[in-house]
Asks: 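This is the structure I want to talk about, given as structure tokens.
Reminder, nothing fancy here: chain letters follow the sequence lines and each chain counts from 1.
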Protein chains: 2
Amino acid sequence: MVRSTRSKLSSNKPRQVRDAEATKAQIIDAAEEEFAKHGLNGARTEAIAKGAGITTAMIYYYFQSKEGLYKAVLQRPAIEMYQMLQQLNLDQLPAEFALKKAVRAAIAYEAAHPQRGMLWFQEANQTQGKYFKQGNWQETFAHIIKVLERGMAEGSFRQLDPLMISMQIAGVCTFYFNAHENIKHLTPDVDRLSPEMIERYTTEAVNLILAGVRQQK
Amino acid sequence: MVRSTRSKLSSNKPRQVRDAEATKAQIIDAAEEEFAKHGLNGARTEAIAKGAGITTAMIYYYFQSKEGLYKAVLQRPAIEMYQMLQQLNLDQLPAEFALKKAVRAAIAYEAAHPQRGMLWFQEANQTQGKYFKQGNWQETFAHIIKVLERGMAEGSFRQLDPLMISMQIAGVCTFYFNAHENIKHLTPDVDRLSPEMIERYTTEAVNLILAGVRQQK
DNA sequence: AAAAAGACTAACTAAATTTTTAGTTAACAA
DNA sequence: TTGTTAACTAAAAATTTAGTTAGTCTTTTT
């Protein structure tokens with residue numbers, strides 16, 4: 001079985017010399033891509049090394065084991081997602097506007113890290129989510145649930161099941177990117193990850209979700 | 001790791017004896033689960049064999065290679081999904097009811113085969129979809145797009161982007177099952193795959209989507 | 001009931017892959 | 001300069017895994 005191991009991140013430029021932090025970051029970048037595609041078992045340390053422009057021994061030098069590297073890779077999105085949500089200050093906005101803002105931010109996050117959704121799915125399916133400390137993700141959903149409950153209390157949202165709806169919102173925000181490799185075959189001539197297309201997806205998503213939860217008058 | 005291959009198989013649940021068709025089906029069942037979790041590369045033939053209650057040699061006896069088994073596994077969902085959609089006769093229903101029926105059917109399909117969404121993602125991400133018949137997915141989306149366009153023409157649906165919205169509908173229908181292993185950590189005490197919970201998810205999904213696309217009056 | 005065919009397993013090999021080892025090079029302080 | 005150490009590489013060792021072989025057990029055919 002032939003697989004291209006060349007990462008677009010690191011393929012052209014020669015690496016800096018002997019900068020431990022930079023090297024570690026490059027390994028994690030390459031590893032995130034490889035783990036997102038192939039999961040813990042399917043990922044090849046050789047592919048990660050090649051993507052980072054180092055030898056496989058460096059993985060063990062910095063991360064002790066393949067699993068250690070995997071843990072390091074998973075830590076990053078968990079922290080970033082948490083921080084992103086904090087910064088939105090959803091509590092200080094009317095529910096409808098808060099939801100709009102959260103949906104836009106979530107899709108923008110996915111667009112900036114299109115491979116992370118799959119990383120999360122791989123983690124769920126292969127290791128029963130044991131490395132993903134549930135706290136951060138509980139936080140994520142808690143933020144959306146809170147907005148939905150507030151909207152219902154305010155009377156701007158209809159009566160709905162906040163947890164179920166928040167998962168469906170997550171589905172809307174992530175599907176486009178998780179399934180990108182699948183759906184790109186549907187319209188081969190359009191670049192579905194171009195800013196224009198992502199903006200179009202975002203607009204439609206906001207419209208669908210807002211109309212879907214709004215109280216009819 | 002020490003693995004005894006001796007006497008484990010005979011002492012566990014005894015399989016039916018020497019029924020080729022039943023054995024093949026058991027291998028495909030176990031393989032679908034393993035491939036869905038780990039993809040083509042990450043899947044372990046030994047794990048498949050153990051799941052099916054046979055030795056790895058049987059995989060080669062019936063399917064020649066790991067890849068041959070993978071192809072056999074992918075054939076089944078492709079055919080079933082196609083047939084399911086045909087039987088809905090969406091064209092003969094008002095758009096609103098057709099969409100409701102399609103969403104219910106899609107979620108029911110996912111619930112009956114919770115691992116197939118991941119099988120599809122793995123296939124696209126790891127092998128560029130070369131083993132999967134793309135035609136079936138084009139069909140699937142075409143069906144939904146047609147319903148959405150009809151609804152817009154009838155005036156029952158608002159003006160929307162049919163392709164984008166159909167992907168968002170797919171996100172709503174599939175997320176719950178693809179992410180199940182992660183989601184279950186959010187509410188550890190609830191069985192999120194019980195019929196009651198799935199019905200609740202379905203109801204909320206239908207409400208969200210219908211309200212989301214309906215023409216306001 | 002003997003022979004043939006089909007279903008099946010234990011034990012194995014070759015190759016791929018992870019992990020370790022032994023050593024090399026650059027940086028930098030004394 | 002020179003000695004020390006962190007960053008790094010090449011290649012060997014250990015381990016895992018796909019795939020094979022030779023033969024056993026069961027069912028069907030004659």
Asks: I need the CD-P distance between Glu46(B) and dT16(D), as an integer number of Å.
Replies: 10 Å
Asks: If the cut-off is 4.0 Å, is Thr45(B) near the phosphate of dA18(D), judged by side-chain N/O to OP1 or OP2?
Replies: yes
Asks: What is the separation between atom CG on Leu69(A) and atom P on dT17(C), rounded to the nearest whole Å?
Replies: 17 Å
Asks: Return the value, rounded to whole Å, for the distance between atom CZ of Phe35(A) and atom C1' of dT18(C).
Replies: 12 Å
Asks: So Tyr176(B) and Ile107(B), side-chain contact (heavy atoms from CB on, under 4.5 Å) or not? Walk me through it.
Replies: CA-CA 9 Å; Tyr176(B) 192 74; Ile107(B) 295 178; over 6 Å; no
Asks: Could you list the residues that satisfy salt bridge (charged side-chain N to carboxylate O under 4.0 Å, His left out) with Asp91(B), not counting sequence neighbours?
Replies: Lys146(B)
Asks: Whether Arg18(B) contacts dC25(D) is assessed here as follows: a side-chain N or O lying under 4.0 Å from the phosphate OP1 or OP2. Is that the case?
Replies: no
Asks: CG of Asn41(B) versus C1' of dT16(D): gap in Å, rounded?
Replies: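 Roughly 14 Å, once rounded to whole Å.
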Asks: Rounding to a whole Å, what distance do you find between Lys50(A):NZ and dT9(D):C1'?
Replies: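 Going from Lys50(A) (NZ) to dT9(D) (C1'), I get 17 Å.
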Asks: Rounded to whole angstrom units, what separation is found between the CD1 atom of Ile54(A) and the P atom of dT19(C)?
Replies: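 Computing the Ile54(A):CD1 to dT19(C):P distance gives 14 Å.
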Asks: Please report, rounded to the nearest Å, how far the C1' atom of dC25(D) is from the CG atom of Asp19(B).
Replies: 16 Å
Asks: Please tell me which of Thr56(B) and Glu21(B) maps to the more 5' nucleotide of DNA chain C, matching each residue to the nucleotide holding its nearest heavy atom.
Replies: Glu21(B)
Asks: Holding to side-chain contact (heavy atoms from CB on, under 4.5 Å), I want the full list of residues that pass it with Glu33(B), two or more places apart in sequence or in another chain.
Replies: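 Result, side-chain contact (heavy atoms from CB on, under 4.5 Å) vs Glu33(B): Lys37(B).
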Asks: Specify the separation, in whole Å, of atom CD of Glu34(A) and atom P of dT17(C).
Replies: 11 Å
Asks: Just call it for Ala43(B): base, sugar-phosphate, or nothing, with non-hydrogen atoms closer than 4.0 Å on any strand.
Replies: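 Contact class for Ala43(B): sugar-phosphate only.
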Asks: Run the salt-bridge test on Glu123(A) and Lys71(A) with the 4.0 Å N-O cut-off and return the result as yes or no.
Replies: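 Lys71(A) and Glu123(A): not salt-bridged.
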Asks: Sequence neighbours excluded, which residues qualify as side-chain contact (heavy atoms from CB on, under 4.5 Å) partners of Asn89(B)?
Replies: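 Once residues adjacent in sequence are excluded, the partners of Asn89(B) under the side-chain contact (heavy atoms from CB on, under 4.5 Å) criterion are Gln92(B).
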Asks: Looking only at the side chain of Arg44(B) (C-beta and beyond, no hydrogens), which of the listed nucleotides dA18(D), dC8(D), dT20(D) gets closest?
Replies: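 Minimum distance to the Arg44(B) side chain belongs to dA18(D).
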Asks: Not counting sequence neighbours, which residues clear side-chain contact (heavy atoms from CB on, under 4.5 Å) with Ala170(B)? List them please.
Replies: Phe175(A), Phe141(B)
Asks: Identify, residue by residue, the members of residues 58-66 of chain A with a heavy atom below 4.0 Å from DNA chain D, and return them in order of residue number, or none.
Replies: Met58(A), Tyr61(A), Tyr62(A)
Asks: How would you list, by chain and number, every residue that makes a salt bridge (charged side-chain N to carboxylate O under 4.0 Å, His left out) with Lys184(B), sequence neighbours excluded?
Replies: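 Checked Lys184(B) against salt bridge (charged side-chain N to carboxylate O under 4.0 Å, His left out); matches are Glu181(B).
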